[in-house]
Amino acid sequence: MTPERAPTAQGGLPSWAVVTPQREAHVARVVALLERWADALRLDAAERSRWLRAGWLHDAMRDAPAEELARWAPDANERRAFRHGPAAAARAAADGESDADVLSAVRWHTVGWAGWGDTGKALYAADFLEPGRGFDREERAVLADRFPAEREAVLAEVIRRRIVFHERKGRPPRPETLAFLEAVAG
């Protein structure tokens, strides 16, 4: 039985989310990691809420049909892996999410964005470092532990690892990702 979903992402996936049980588990692990970091950093309530809303929303449309993604992100001429972020951000905005940091974090979470504040940066790192992913578990756990004390260094390492991952699959780095790395690593 699937638990009830909130109408917004205040405390869980929104009611309009389209996710498989596996994706829902991934989202919960991302949020748990963001909560852990928020506690370690003693974030104020507003910033903590931003981080958690972004976590709940980031993959809310990941398993939506292509037609649904196209409805919410008609200008994002991308494959599903890149289109679900813009679609989820647009859907969240229609649902009442108005925080620009949350919406940009959700929109760009797969590729990164040089204009991000802490919310987008934390989501990008948590999405990659959450413990359920099956590769480099020990190395990623060390990076996750280091994040609160060494955010920029860990973030730069995460960006580099994502670039290498895509290059190994024959995909060149996206311009947004390279600009994000430049903004973080200088």
Side-chain angles (χ1 to χ4, degrees), residues 9 19 22-44 47-60 62 76 78-86 88-89 99-186:
V19 293
Q22 295 82 5
R23 182 86 49 210
E24 188 166 358
H26 158 73
V27 169
R29 288 188 302 269
V30 168
V31 171
L33 187 53
L34 289 167
E35 279 186 304
R36 188 176 106 197
W37 292 344
D39 290 345
L41 293 164
R42 295 187 170 109
L43 295 182
D44 65 43
E47 185 67 6
R48 177 188 181 86
S49 176
R50 263 186 220 96
W51 285 28
L52 300 185
R53 291 194 326 271
W56 285 118
L57 290 167
H58 84 281
D59 273 356
R62 184 63 170 89
E78 302 278 359
R79 11 185 269 272
R80 173 180 300 279
F82 298 118
R83 196 172 215 182
H84 72 281
D99 189 295
D101 287 343
V102 171
L103 294 172
S104 69
V106 172
R107 178 176 183 75
W108 298 105
H109 79 273
T110 58
V111 296
W113 186 50
W116 268 338
D118 289 340
T119 304
K121 292 175 181 179
L123 176 61
Y124 186 89
D127 190 32
F128 181 81
L129 296 175
E130 67 94 340
R133 295 191 182 269
F135 61 93
D136 301 332
R137 287 181 190 237
E138 291 177 15
E139 293 173 25
R140 288 182 316 95
V142 168
L143 289 170
D145 288 344
R146 286 179 42 210
F147 184 82
E150 303 173 54
R151 285 189 274 179
E152 297 298 311
V154 169
L155 185 58
E157 181 62 22
V158 166
I159 299 166
R160 287 185 194 101
R161 286 174 181 244
R162 282 188 167 199
I163 288 171
V164 168
F165 173 80
H166 288 291
E167 286 177 336
R168 285 184 182 151
K169 290 187 170 240
R171 294 185 214 129
R174 294 188 45 116
E176 300 94 336
T177 307
L178 294 174
F180 182 39
L181 178 59
E182 177 66 26
V184 170

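We use all heavy atoms of the structure for the numbers below, so side chains are in, but hydrogens, waters and symmetry mates are not.
Taking each heavy atom of R160 and A185 in turn, the nearest pair found is NH2-CB, 3.7 Å. Contact detail for G55 and V31: the closest heavy-atom pair is C-CG2, 3.6 Å. Contact record, A153 with R146: CB-NH2, 4.2 Å, taken as the closest heavy-atom pair. Residues A144 and W37 come closest through the heavy atom pair O-NE1, 3.0 Å. Of all heavy-atom pairs spanning R83 and P86, the tightest one is O-CD, 3.2 Å.
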Apply side chain to side chain contact (heavy atoms under 4.5 Å, CB included) to the pair R48 and E35, showing each step before the final yes or no. CA-CA 8 Å; R48 177 188 181 86; E35 279 186 304; 3.7 Å; yes
List the steps and the verdict of side chain to side chain contact (heavy atoms under 4.5 Å, CB included) for F165 and F135. CA-CA 11 Å; F165 173 80; F135 61 93; 5.8 Å; no
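With a 4.5 Å cut-off on side-chain heavy atoms, R36 and L33 count as touching. Within the 4.5 Å cutoff, the side chain of E167 has heavy atoms near those of the P173 side chain.
Both tests do not hold together for R162 against F180: distance to the six-membered ring centre under 6.0 Å, angle to the ring axis within 45°.
Atom CZ of R174 and atom OG1 of T110 lie 6.5 Å apart (nearest 0.5 Å). Atom-to-atom distance recorded for L143:CG and E150:CD is 9.0 Å, nearest 0.5 angstrom. Considering CZ of F147 and CG of L129, their distance stands at 8.5 Å, rounded to 0.5 Å.
Contact check on R161 versus E139 returns a salt bridge, with a Lys/Arg side-chain nitrogen under 4.0 Å from an Asp/Glu carboxylate oxygen. Taking the charged nitrogens against the carboxylate oxygens, D127 and R133 do have a contact shorter than 4.0 Å, which makes a salt bridge.
Residue R42 places its CZ atom among 12 or fewer non-hydrogen atoms of other residues, nucleotides or ligands, all under 6.0 Å distant.
None of V158, L155, I159 except one satisfies the side-chain contact (heavy atoms from CB on, under 4.5 Å) rule with F128; the exception is V158. Screening H26, R107, H84, R53 against H58 for a side-chain contact (heavy atoms from CB on, under 4.5 Å) leaves a single residue, H26.
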Atom pairs and distances, side-chain donor-acceptor, residues 116-125, under 3.5 Å, sequence neighbours left out:
from: W116; atom 1: NE1; to: S104; atom 2: O; distance (Å): 3.1
from: T119; atom 1: OG1; to: E47; atom 2: OE2; distance (Å): 3.3
from: K121; atom 1: NZ; to: E152; atom 2: OE2; distance (Å): 3.4

